[in-house]
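Note that ligands are numbered from 1 as they come in the structure, with each ligand's atoms numbered from 1 the same way.
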Amino acid sequence: MSKRTTVVVIGASHAGLAVSHKLLRQASSACIILISPSDKYYFNLSTPRFLVKPMSLQPNQYLYDILPTFDEYPSGAFNFVKGLVTGIDFASKSVQVSSAKSSVESSTVAFDYLVIASGSTTPAAVGQGSLKLPFKTTPFEDTKEAIADAQARLEAATSVVIGGGGPLGVELAGELAETAGVKTITLVSKTSMLLHDATETVQRKAEALLRKKNVEVLKNAAVEAAEQKADGTGWTVTLSTGRTIAADEYISTTGSIPNNQFVPKQCLDHHGWVKVDEYLRIVDGGKSRSDTYAVGDITFYPDRLLSRVSAQASTVASNITASIASGLSPNTRLTKYSPAAQRRMMVVPVGQSTGTGHFGGWTLCGFLVWFFKGRDFLTYEAPKFLRGKQ
Ligand SMILES: Cc1cc2nc3c(=O)[nH]c(=O)nc-3n(C[C@H](O)[C@H](O)[C@H](O)COP(=O)(O)OP(=O)(O)OC[C@H]3O[C@@H](n4cnc5c(N)ncnc54)[C@H](O)[C@@H]3O)c2cc1C
């Protein structure tokens with residue numbers, strides 16, 4: 001039997017799982033080694049609902065075991081390594097993997113092809129100047145515990161300030177406004193309208209729905225500082241307008257932080273995202289590498305959305321399959337990824353039963369927002385993403 005081609009995939013979330021499954025279905029001679037600190041798939045899109053309303057969704061709707069989804073492939077075609085990649089050595093075509101947070105124990109995994117799908121985190125997910133809320137998983141942290149802690153903190157809060165008027169800030173405010181405990185919600189937006197990237201109709205609708213739910217919306221105001229009391233019992237939030245707000249909790253919904261600590265600096269742009277060419281091959285010191293691809297949030301494309309993952313993962317899987325088949329010939333026909341060709345849409349629930357959004361140029365009414373997203377925050381889609389079938 002001929003030797004299998006080893007494809008190492010870093011990160012087992014939406015993008016890494018999509019590439020792994022798509023490759024296993026297409027490239028029969030490939031052996032996938034998927035490396036990630038957790039063997040659970042976390043459907044983080046539904047966090048605004050279940051962190052605020054713990055009984056609204058069951059854990060089995062947003063936390064899944066990854067390994068059984070790979071049982072369908074031939075033995076030897078898939079391996080999972082639980083660990084954190086700490087370095088890439090292109091010269092020896094290998095990655096270093098640490099198996100525990102504090103451990104110095106590390107191993108080396110060799111690759112023929114490498115896919116970087118290490119994604120991003122957020123200030124709130126790592127508790128950086130914000131109440132710690134698991135909007136993303138944190139390496140080697142018990143996700144269930146982190147969820148329970150966050151739910152308890154939100155349940156105890158009577159006043160919350162949210163920094164950031166994007167989709168996540170609006171969704172969180174809408175959910176919090178429907179709980180009995182939280183009496184005061186303030187949403188702070190740096191821009192003159194909420195939902196900066198949406199159409200004006202959608203922006204106005206989001207604000208009107210929140211005001212109707214008694215959310216105070218502050219526009220043209222940036223959070224300059226958010227300080228937690230030493231005993232952890234409250235926050236003081238200072239705005240660019242000079243106003244200071246005291247609240248039980250402050251939640252930051254702004255900013256994405258690249259998970260790039262292991263990526264050689266010459267492959268990163270000025271903001272720390274991985275540079276890729278139109279085929280999603282990484283650009284290393286100005287030159288595309290034929291053996292390494294990046295996919296999902298970690299790439300330098302500014303639309304960091306799950307809705308971008310499927311097309312990117314298909315591009316990477318088909319390019320690696322073609323390269324394996326041609327023996328990495330320079331004449332290999334590769335597929336391009338076009339960010340401009342991706343559909344522009346935004347669906348933003350404001351509470352359980354309504355919301356706003358647009359699909360291309362079409363504005364979505366509250367019922368359609370409920371139907372597509374608000375009723376269960378897209379958890380019905382999670383099994384498809386888990387199996388790379390989206
Ligand atoms: C709260 C929230 C709500 C969202 N809602 C929507 C929405 O409604 N619609 C939408 O389209 N998008 C939404 N998004 C964006 C969406 O979550 C991201 O686009 C998506 O998570 C990107 O997937 P990914 O696999 O590229 O990265 P991630 O989901 O960030 O996953 C990266 C994976 O890599 C692992 N990893 C990191 N570093 C290493 C390492 N060194 N070694 C090994 N593994 C590593 C991580 O543990 C993780 O498993 C939302 C984002 C947030 C935060």
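The cationic atom of Arg375 (NZ for Lys, CZ for Arg) lies less than 6.0 Å from the six-membered ring centre of Tyr380 and within 45° of the ring axis. A cation-pi arrangement is found for Arg289 relative to Phe90, the charged atom lying closer than 6.0 Å to the ring centre and inside a 45° cone about the ring normal.
His271 and Phe300 have their aromatic ring centers separated by at least 6.0 angstrom. Aromatic rings of Phe367 and Trp370 (six-membered ring for Trp) have centroids within the 6.0 Å cut-off, being under it.
Remark: distances from the non-hydrogen atoms of Ser36 to ligand 1 include one below 4.0 Å.
Counting protein heavy atoms only, atom 5 (N) of ligand 1 is closest to Leu45 CG, 3.4 Å. Looking at atom 27 (O) of ligand 1, its nearest protein heavy atom turns out to be Gly119 CA, 3.3 Å.
Checked against a 3.5 angstrom limit, the closest N/O atoms of Leu168 and ligand 1 fall outside it. Considering backbone and side-chain atoms alike, Thr122 places every N or O at 3.5 Å or more from each N or O of ligand 1. No N or O atom of Asn259 sits closer than 3.5 Å to an N or O atom of ligand 1. Residue-to-ligand polar distances place Lys373 within reach of ligand 1: an N/O pair is separated by less than 3.5 Å.
Taking the six-membered ring where the residue is Trp, Tyr41 and Tyr64 present tilted rings, their angle falling between 30° and 60°. Aromatic ring pairs are classed by plane angle as parallel below 30°, tilted from 30° to 60° and perpendicular above 60°; the pair Phe43 and Phe385 is tilted.
Of the listed options Thr47, Leu34, Leu306, Leu306 places a heavy atom closest to atom 16 (C) of ligand 1. Taking each of Ala125, Pro37, Pro134, Ser120 in turn, the one with a heavy atom nearest to atom 44 (N) of ligand 1 proves to be Pro37. Heavy-atom proximity to atom 31 (O) of ligand 1, evaluated over Ser46, Ser13, Pro349, Gly296, is greatest for Ser13.
Salt bridge absent: Glu207 and Lys212 never bring a charged side-chain N and a carboxylate O closer than 4.0 Å.
Each of the following atoms of ligand 1 lies closer than 4.0 Å to a heavy atom of Leu305: 10 (C), 11 (O), 12 (N), 19 (O). The atoms of ligand 1 that sit less than 4.0 Å from any heavy atom of Phe262 are 41 (N). Every atom of ligand 1 is numbered from 1 in the order shown, and the set under 4.0 Å from a heavy atom of Arg304 is 15 (C), 19 (O). Atoms of ligand 1 lying under 4.0 Å from at least one heavy atom of Ala117, given by number and element, are 32 (C), 33 (C), 34 (O).
Heavy atoms of Gln261 found under 4.0 angstrom from ligand 1: none, in either backbone or side chain.
Contact check for Phe78 versus Leu24: side-chain heavy atoms found under the 4.5 Å cut-off.
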Applying salt bridge (charged side-chain N to carboxylate O under 4.0 Å, His left out) to Asp291 and Arg281, what does each step give before you reach the verdict?
CA-CA 8 Å; Asp291 61 356; Arg281 300 180 299 188; over 6 Å; no
| task | List the steps and the verdict of ring-ring contact (aromatic ring centres under 6.0 Å, His included) for Tyr337 and Tyr301. | result | CA-CA 11 Å; Tyr337 170 72; Tyr301 293 120; 5.4 Å; yes
